[in-house]
Number of protein chains: 2
Amino acid sequence: MKSLKVGLLGIGTVGGGTYTVLTRNAAEITRRTGVAINVVQVADKNIDHAKAITGGKVDVTNDAFAVVNNPDVDVVVELIGGYTLSKKLVLKAIENGKHVVTANKALLATHGNEIFAAAQAKGVIVAYEAAVAGGIPIIKALREGLGANKIEWVAGIINGTTNFILTEMREKGLAFADVLGEAQRLGYAEADPTFDVEGIDAAHKLTIMSAIAFGMPMKFDQAYTEGITKLQQTDIKYAEELGYRVKLLGITKRTEAGVELRVHPTLIPEKRLVANVNGAMNAVVVKGDAVGPTLYYGAGAGAEPTASSVVADLMDVARLSSASVEQRVPYLGFQAGQLNDLPILPISDVNSAYYLRLRASDKPGVLAGVTKILADRNISIDAMLQKEPDDNETEADIVILTHITVEKNMDAGIAEIEALPAIVGKVVKLRMEELGK
Amino acid sequence: MKSLKVGLLGIGTVGGGTYTVLTRNAAEITRRTGVAINVVQVADKNIDHAKAITGGKVDVTNDAFAVVNNPDVDVVVELIGGYTLSKKLVLKAIENGKHVVTANKALLATHGNEIFAAAQAKGVIVAYEAAVAGGIPIIKALREGLGANKIEWVAGIINGTTNFILTEMREKGLAFADVLGEAQRLGYAEADPTFDVEGIDAAHKLTIMSAIAFGMPMKFDQAYTEGITKLQQTDIKYAEELGYRVKLLGITKRTEAGVELRVHPTLIPEKRLVANVNGAMNAVVVKGDAVGPTLYYGAGAGAEPTASSVVADLMDVARLSSASVEQRVPYLGFQAGQLNDLPILPISDVNSAYYLRLRASDKPGVLAGVTKILADRNISIDAMLQKEPDDNETEADIVILTHITVEKNMDAGIAEIEALPAIVGKVVKLRMEELGK
């Protein structure tokens, strides 16, 4: 029987899951592919751990370069993470003519253009299903399953940590900081949660989806990224009263002026399926011109869900390692030389509907002043919620949902509203998406 | 540039959509594949209609065999439907060495084994993404994206007509017959709706998913099929009171004793995403041992959503027509000779939880009699709803949700319950599925 020899870089959570799935499902995988997929060498800093997991059946080293230089290895699975060492290893593996499977969204979002160019020159595969949304086969859906479509937009809950935190904030009425502590205790959030809670991890994944949706290079440095650290319980509650849920969405849209590429807390109508994706689960909505809206849901992280995608990539490599370049799906789903260098819109040029929360003195004419500012800027009001002042208070919350306008117009209107004498403090602004037809 | 020459059999709804998508997105499709995919001949009974759609740019005939025998055609797209003529055409196309793309679930569920064997012998591709769940790329997810998993079960809303009817029944409180009439007026249901409302169409699609999930031949003749024609508004309402929605599900599960293959109305907890799939939309939940539960949602029918899958298949053919058999994904996702002839469980041997509705005289001891019967059969009660008799009535509804038991045990218990003197008429039985972890 034909075999595919795998060198594994990193046997932590995902690496361990990959080894487990390849071993447990070996018979099923061979029934599918006709190929025996065998791990022949593992590199990990923790040699004892690597030996314990592989049970002495596999050569183990603490030198990752030994794996990428091993002539017996057909495909290198990079599960180290980070941008520096992993980049050197991946480029070296490519230089050595090896195929690469990686779950490293940070590496691809920041250095993917260089890596794919190198792989193209050497004629090797770089597969990365596990880099976006864990076990959900969204890369395959975008590159192949929906390939007949002009993709119009992609919007996803693509970070489990923040979705867990937002779900807890809503269900338990807790503040961000309190839930973050709980998430850290439960292992849903890292000791340093910055990458997750500031939206950077989501922006990495969104950058990859944007590139394959629209056929353009990775443009992570131009992504707009806003996390959930400043999100207040009050706004989650008001959103719910108005029929919306707040989710950290990665959104990328093709418009005539350019591509939107943005991660931020977003109000979504509660009737949408994606608004009901809770806990650490992920979901991606893809709108194609032919198919309409489609949704893909599943575990976005974890040992075996991520391994599910890593091993699926290995199975594709097993089928296509001997194929010609024309017989493989191109790295970003579009033929070499067919990428369009589409401009990314700055957030000020993005069109969106908005949720605004103002704190106003309980005096006559306040609402008239606010609505006049909006009307003068052609910003229509979709819904409004005016609260009575609490006992012993002379100020009350006003919540306004607007129709779509360009962000710089909204921001200018907000500045004028904040300048009104009856308005206290800053206006809270959140973006809203319908995610419908 | 390389080209792929397409012969189109049938240019009705889906055929027209396919022609439109191929034409409108020609540039994007070629950017992706590097191949120009051109329709070179169309067969349709209605030649004038075919000419109108293709605008005189394509050779049009009313002889479908002219297309499958046309030496200039590389791939035949079969969109005629039915089992008889379409089977002859597909087998002839294969005999002539042409690849085939089809949306015909009835044909594949009933004659797929023969068709795939013929295709295997000739070394041609038979692709059928559009045969299940319209535009949702579920075949690709099952055969490739989730290929690393041992698939445990698949459960789907895979018939839009019945999901539209069930949604209307729930939202408007109408009876089945009234909604069916409305669905027919709106074009969501055929004049003869039997295939849809009796669950036959869903069983065709489920049969295909079952075969590729578990690696076994198509076994449509052994599928259990129960439609929605007898479903009563009362039960939809009681289910909702208990936190459930009623959906027509196709369910296939791998158990130690055999494979479950069944279509029937099913109670699903309303907190599950799939319980919230409304209108004519489709969704499929797939549980893999590594990835856990995943869900795929989108339009299950319609011209362009279905065309999205037909054209995606054509793009795969464009890539892989020159590839070797080993480089292609096998027809059912498993290598030739690697299918297991798993037995299908009769419905009496299926394990399920149940919803029961009884009509009982308002006398002491009725509940004690019912619960004793269930207890003696080791059937645990999960929830119960006992209604007061309406004014002027001496009978009341009792609704019981049970834990899991084997169906023949449940049926025997129901026979005993119906024999109780205080029980009026037949017991209504519906199956329930958690669809969780």
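Worth knowing before you read on, the calculation uses all heavy atoms, side chains too, and leaves out hydrogens, waters and symmetry mates. The sequence lines fix the lettering, A, B, ..., with proteins before strands; numbering per chain opens at 1.
- Residues B/Lys2 and A/Glu326 approach most closely at NZ-CB, 4.4 Å, considering heavy atoms.
- Contact of B/Ser324 with chain A is not made at all, since no heavy-atom distance falls under 4.5 Å.
- Proximity of a side-chain donor or acceptor of B/Arg31 to a complementary backbone N or O of A/Gly215 within less than 3.5 Å is detected.
- Options B/Ala141, B/Gly333, B/Gly292, B/Gly288 differ in how many heavy-atom pairs under 4.5 Å they form with chain A, and the most are formed by B/Gly333.
- One side chain, A/Gln327 or B/Ser322, offers a donor N or O that lies under 3.5 Å from an acceptor on the other.
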Residues A/Lys271, B/Glu171; criterion salt bridge (charged side-chain N to carboxylate O under 4.0 Å, His left out); working and verdict: CA-CA 14 Å; A/Lys271 70 184 169 196; B/Glu171 291 180 353; over 6 Å; no

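- Contact count against chain A (heavy-atom pairs under 4.5 Å) is highest for B/Ala290 among B/Ala290, B/Gly135, B/Ala323.
- Of all non-hydrogen atoms in B/Ala312 and A/Gly145, the two that sit nearest each other are CB-O, 3.5 Å.
- With a 4.5 Å cut-off on non-hydrogen atoms, B/Leu339 touches chain A through its backbone but not through its side chain.
- For B/Val274, no part sits under 4.5 Å from any heavy atom of chain A, backbone or side chain.
- The number of heavy-atom neighbours closer than 6.0 Å to OH of A/Tyr188, taken from other residues, nucleotides and ligands shown, is 12 or below.
- Neither the backbone nor the side chain of B/Glu129 comes within less than 4.5 Å of any heavy atom in chain A.
- The CD1 atom of A/Ile136 sits 7.5 Å away from the OH atom of B/Tyr296 when rounded to the nearest 0.5 Å.
- A donor-acceptor pair shorter than 3.5 Å can be found between the side chains of B/Asp289 and A/Asn25.
- Applying the ring pair (Phe, Tyr, Trp, His ring centres under 6.0 Å) test to every pair with at least one member in residues 126-151 of chain A, sequence neighbours left out, gives these pairs: A/Phe116-A/Tyr128.
- Interface summary for chain B: among A/Thr294, A/Val291, A/Val286, A/Ile37, the most heavy-atom pairs under 4.5 angstrom belong to A/Val291.
- When all heavy atoms of B/Leu142 and A/Arg32 are compared, the closest pair comes out as O-NH1, 3.7 Å.
- With chain B as partner, the option from A/Thr33, A/Ile139, A/Ile29 having the largest number of non-hydrogen pairs under 4.5 angstrom is A/Thr33.
- Taking 4.0 Å as the cut-off between side-chain N and carboxylate O, A/Glu144 and B/Lys140 count as a salt-bridged pair.
- With a 4.5 angstrom heavy-atom cutoff, A/Val329 touches chain B via backbone and side-chain atoms both.
- The line from CG of A/Leu146 to CE of B/Met315 is 10.0 Å long, rounded to the nearest 0.5 Å.
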Sequence neighbours left out, cut at 3.5 Å: what donor-acceptor pairs do the side chains of residues 298-311 of chain B make with other protein atoms?
| residue | atom | partner | partner atom | Å |
| --- | --- | --- | --- | --- |
| B/Glu304 | OE1 | B/Arg24 | NH1 | 3.3 |
| B/Glu304 | OE1 | B/Arg24 | NH2 | 2.8 |
| B/Glu304 | OE2 | B/Arg24 | NH1 | 3.0 |
| B/Thr306 | OG1 | B/Gly302 | O | 2.7 |
| B/Ser308 | OG | A/Asn149 | ND2 | 2.8 |
| B/Ser309 | OG | B/Gly134 | O | 2.7 |

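- Interface summary for chain B: among A/Asn276, A/Leu332, A/Leu273, A/Leu320, the most heavy-atom pairs under 4.5 angstrom belong to A/Leu273.
- With a threshold of 4.5 angstrom between heavy atoms, B/Asn340 approaches chain A through its backbone and through its side chain.
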